[in-house]
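Letters A, B, ... mirror the listed sequences (proteins, then strands); counts begin at 1. This structure is a prediction, so every number in the text was calculated from the model and none was measured.
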There are 2 protein chains.
Amino acid sequence: MELTTAEENYLKAIYHLSEEGKKSVSTNDIAASIQTKPASVSDMLRKLGEKEVIQYRKYYGLQITELGKRLALQTIRKHRLWEVFLVDKLHFAWDEVHEVAEQLEHIQSTLLIERLDAYLNYPKFDPHGDPIPDEYGDVRSRPRIALNEMNIDQGGQIVAVKDSSAAFLRYLDKVGAYIGARIKVLDKVEFDGSVEILVDQKKTLFMSKDVASNILVLQS
Amino acid sequence: MELTTAEENYLKAIYHLSEEGKKSVSTNDIAASIQTKPASVSDMLRKLGEKEVIQYRKYYGLQITELGKRLALQTIRKHRLWEVFLVDKLHFAWDEVHEVAEQLEHIQSTLLIERLDAYLNYPKFDPHGDPIPDEYGDVRSRPRIALNEMNIDQGGQIVAVKDSSAAFLRYLDKVGAYIGARIKVLDKVEFDGSVEILVDQKKTLFMSKDVASNILVLQS
DNA sequence: CTTTATTTTTAGATTAATCTAATTTTAATT
DNA sequence: AATTAAAATTAGATTAATCTAAAAATAAAG
């Protein structure tokens, strides 16, 4: 079963959106995440359904299949290995790699990926701290820690929330502490447990212990 | 001016055919060299003409332009740099690289190629002994002679092959006639053009005219 | 210098991926 | 529950690359 480049990109996007805990993945979400129009997504969903990498019922929703997950993880594995190569070997900055890795991930050659993996010394995480699936799609994900339990100067990436109420999510959205944001703990106030963090190397943000304890961080 | 992957492949084929000394490049030649149908070639020639990478008059013939040459050399440069990477760093056998390099050459990123070039230590020749153009398309090529055209007792170094099919490369590998091998012509059989050579001052080797004519030697 | 053969090009389809505009379905709001 | 709003899908076009079959142009042979 082989997928075209476009199909791989859609499937990867669907996988990522599925993993982000959200209830179900909408056509609009996908369109937004890969900069295309909903009409194009509808069409592609039909095709991906036929190829059985997703289960799809129109107007109703979709669910990624085991096959789909495996293929998506293969693409993600390639993407992240190339990112390691670009940063470790070719000295790219971590914010310069994405676009190029986006192209490299579609090169088809299992031998190439095996050799690249070995050459890079079987890395387990990419330069952004995201785990690299092994050739079977298994991910050794790192334990996550509540933001309020991190120490000063520790950094990481927001990967999940404990409280997923609409109010909380709206709040996080407003202050820019979205899932995926890279953060660093700048300060902790002992007596009330509140914290000050740096978000995406730009914005500083204060939050109460109550809020911080509901944010899960993947440490890097 | 950017070319699609297909356009790059056509242009590369045209460049190579043009360089092979032949009078002019025919539609059929191109079709044969990239395994496609003449009808498709006609269509593409029109497009390449519009993009001014070739001068094209239908039924009459074509001529690659300076712009076309520059772009073709850029693609060839990328292809050969990737081949060096695959062989030197990922330990591919020299007959395994072509297919993968064929994909990698289309990755678009000047930064990537600059960095790769530096990482490989600015190689001047690829694993098949073919020269790698610099970023301006300049090629430092060495004068070479086909092995079957050398005289008895002449010596030299194998620097390239004309036929780079996997089958041929595997054969050469097996008999020990690798790129870089130092050879000396011991005997030539007049009536069938076959030759006997000494490889690395150790091993004698018989080869047909057909094989010898596909091996290029830098005379010493 | 005609006729035949070869080469090249056009005409018309097909596949993949995309778009805009229109329609249909589902969700939200009085 | 009826109406409005939002989301999703279909219809119909477009672009790129390809093909087969037919037509046109050039080259080769008698």
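Of the candidates D:dT10, C:dT18, C:dT7, the closest approach to any side-chain atom of A:T36 belongs to C:dT18. Set against D:dT10, C:dT7, C:dT10, the side chain of B:K58 has C:dT10 as its closest nucleotide.
A:A6 comes within 4.0 angstrom of sugar-phosphate atoms only, judged by non-hydrogen atoms across all strands, and of no base. Within 4.0 Å (heavy atoms only), B:S42 reaches at least one base atom of the nucleic acid. A:Y56 comes within contact range of the sugar-phosphate backbone alone, with a heavy-atom separation under 4.0 Å but no base atom that close.
At least one test fails for A:R80 against the ring of A:F125: distance under 6.0 Å to the centre or angle within 45° of the axis. Judged by the 6.0 Å and 45° rule, B:K162 forms no cation-pi pair with B:F168. Geometrically, A:R46 does not engage A:Y56 in a cation-pi contact defined by less than 6.0 Å to the ring centre and at most 45° from the axis.
Two residues, B:R57 and A:S40, neighbour DNA chain C, and the one matched to the more 5' nucleotide by heavy-atom proximity is B:R57. Each of A:Y59 and A:D43 lies near DNA chain C, and the nucleotide nearest A:D43 is the one positioned closer to the 5' end.
For the pair A:K47 and C:dA17, the criterion of a side-chain N or O lying under 4.0 Å from OP1 or OP2 is met. Side-chain N/O atoms of B:Y10 include one lying less than 4.0 angstrom from OP1 or OP2 on D:dT18. Within the structure, every side-chain polar atom (N or O) of B:N28 is placed at least 4.0 Å from both OP1 and OP2 of C:dT6.
The aromatic ring centroids of B:Y15 and B:Y10 lie 6.0 Å or more from each other.
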